[in-house]
Amino acid sequence: MRIFHRFEATDGSGRSRTWQARAKDSAVPFHAELSHRWLRDEDRSTGRSLWQAEDGALDDSSRRALTRVLAGVSGDQAVYFAYDLAALLWGEDEPLIRRASLSDLEPVREAVRDVVGDSGPEFWWPQDRSWAVTTDFDLLSTYVGCSTETAELLLGDDELETLPVTPQTRVDWQTHPPQRP
């Protein structure tokens, strides 16, 4: 599953936009390989970007919604939270891994903030490995590997902007818009 990080207005107004709305405004299809580079995003009078999605960190409301959905699947079992590239870029000698409950995600993020900043975690998974979440340090989406049942829950959640992906789905910034018939 691909979970799109919400776009926030760069003017400080607190407004946000979905990828689907921005794709519609840009006349490109909303699909699993959608790249932010396909989206119109410029104030013509100033040449500045109007919208920005955070790379390497799922936005707060989407992270809360994802945590809620996954907690319904996993219950109270231990979850591992890993900071890999972020830890190395911030000067650590090895990845940071924390074990806690899923409900403790925010305290884990706070506890490592001085070490890795506001990113991540880059990887998280429960003890039974029934799902895995990854948020690449440089990408504007989070990906979840999970069962069909969990994917349906994620797709059905109104607070998450999600699309299914396959192992063949490109996740880099160099994807090309589909050709229109």
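For this chain, numbers begin at 1 and follow the sequence in order. Being a predicted model, the structure only gives us computed values, none of them experimental.
- Note that the OG atom of Ser130 and the CD atom of Gln77 stand 5.5 Å from one another [nearest 0.5 Å].
- Residues Leu153 and Leu58 fall within the same hydrophobic cluster, defined by Ile, Leu, Val, Met, Phe, Trp and Tyr side chains chained together at heavy-atom separations under 4.5 Å.
- Atom CG of Asp59 is separated from atom CG of Leu140 by 11.0 Å, given to the nearest 0.5 angstrom.
- Judged purely by atom type and a 3.5 angstrom limit, Glu122 uses its side chain to pair as donor or acceptor with the backbone of Asp84.
- Side chains of Val115 and Glu92 form a contact here, defined as non-hydrogen atoms less than 4.5 Å apart.
- No side-chain heavy atom of Val144 sits less than 4.5 Å from a side-chain heavy atom of Thr162.
- No side-chain N or O of His5 forms a donor-acceptor pair with one of Ser141 less than 3.5 Å apart.
- Between Tyr83 and Val112 there is a side-chain heavy-atom pair separated by less than 4.5 Å.
- Interatomic distance, Ser16 OG to Gln52 CD, rounded to the nearest 0.5 Å: 13.5 Å.
- Under the 30°/60° scheme for interplanar angles, the aromatic rings of Phe30 and Phe4 are found to be tilted.
- A chain of hydrophobic side-chain contacts below 4.5 Å, direct or via other Ile, Leu, Val, Met, Phe, Trp or Tyr residues, connects Val79 to Val108.
- Here the side chains of His36 and Trp19 are in contact, with some heavy-atom distance below 4.5 Å.
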Please report the C-alpha distance between Val116 and Leu96 in whole Å, then the side-chain angles of each, then the deciding distance to 0.1 Å, and finally whether the side-chain contact (heavy atoms from CB on, under 4.5 Å) criterion is met.
-> CA-CA 9 Å; Val116 296; Leu96 297 175; 3.9 Å; yes
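- Using a 4.5 Å heavy-atom threshold, the side chains of Phe81 and Phe123 count as separate.
- The two residues Ala57 and Thr135 have their closest heavy-atom pair at N-CG2, 3.7 Å.
- Of the possible donor and acceptor atoms, one in the side chain of Thr169 sits under 3.5 Å from a partner among the backbone N and O of Thr166.
- For the atom pair CZ (Arg17) and NZ (Lys24), the distance works out to 10.0 Å, reported to the nearest 0.5 Å.
- Pro121 places a side-chain heavy atom less than 4.5 Å from the side chain of Leu105.
- With hydrogens and angles ignored, the 3.5 Å screen pairs a side-chain donor or acceptor of Thr10 with a backbone N or O of Leu50.
- Linking Ile, Leu, Val, Met, Phe, Trp and Tyr whenever their side-chain heavy atoms come within less than 4.5 Å leaves Leu163 and Val69 in two separate clusters.
- Proximity of Arg2 to Glu161: side-chain heavy atoms (C-beta onward) are nowhere separated by under 4.5 Å.
- At a threshold of 4.5 Å between side-chain heavy atoms, the hydrophobic network of Ile, Leu, Val, Met, Phe, Trp and Tyr places Val133 and Leu154 in one connected group.
- Residues Arg64 and Glu106 are not paired through a salt bridge, judged by the lack of any N-O separation under 4.0 Å between the basic side chain and the carboxylate.
- Formation of a donor-acceptor pair under 3.5 Å by the Thr150 side chain with backbone atoms of Cys146 is not found in this model.
- Between Arg109 and Gly120, the shortest heavy-atom contact is NE-O, 2.8 Å.
- Criterion: ILVMFWY side-chain heavy atoms under 4.5 Å apart, direct or through other members. Under it, Phe7 and Ile3 are not part of a common hydrophobic cluster.
- For Arg15 and Ser13, the side-chain atoms include at least one donor-acceptor pair closer than 3.5 Å.
- For the pair Leu34/Leu39, a side-chain contact is recorded, criterion being any heavy-atom separation below 4.5 Å from C-beta on.
- Inspection of the Trp131 and Ser74 side chains reveals an N or O donor paired with an N or O acceptor under 3.5 Å.
- Using a cut-off of 4.0 Å between Lys/Arg side-chain N and Asp/Glu carboxylate O, Arg22 and Asp25 are scored as not salt-bridged.
- Looking only at atom types and distance, the side chain of Arg6 has a donor-acceptor partner in the side chain of Ser61 under 3.5 Å away.
- Classification of Arg68 and Asp157 as a salt-bridged pair holds, one side-chain N sitting under 4.0 Å from a carboxylate O.
- Side-chain contact of Gln127 with Tyr80: a donor-acceptor pair under 3.5 Å is present, judged by distance alone.
- The shortest heavy-atom contact between Ala71 and Leu102 is N-CD2, 3.3 Å.
- Contact check on Arg98 versus Asp104 returns no salt bridge, with no Lys/Arg side-chain nitrogen under 4.0 Å from an Asp/Glu carboxylate oxygen.
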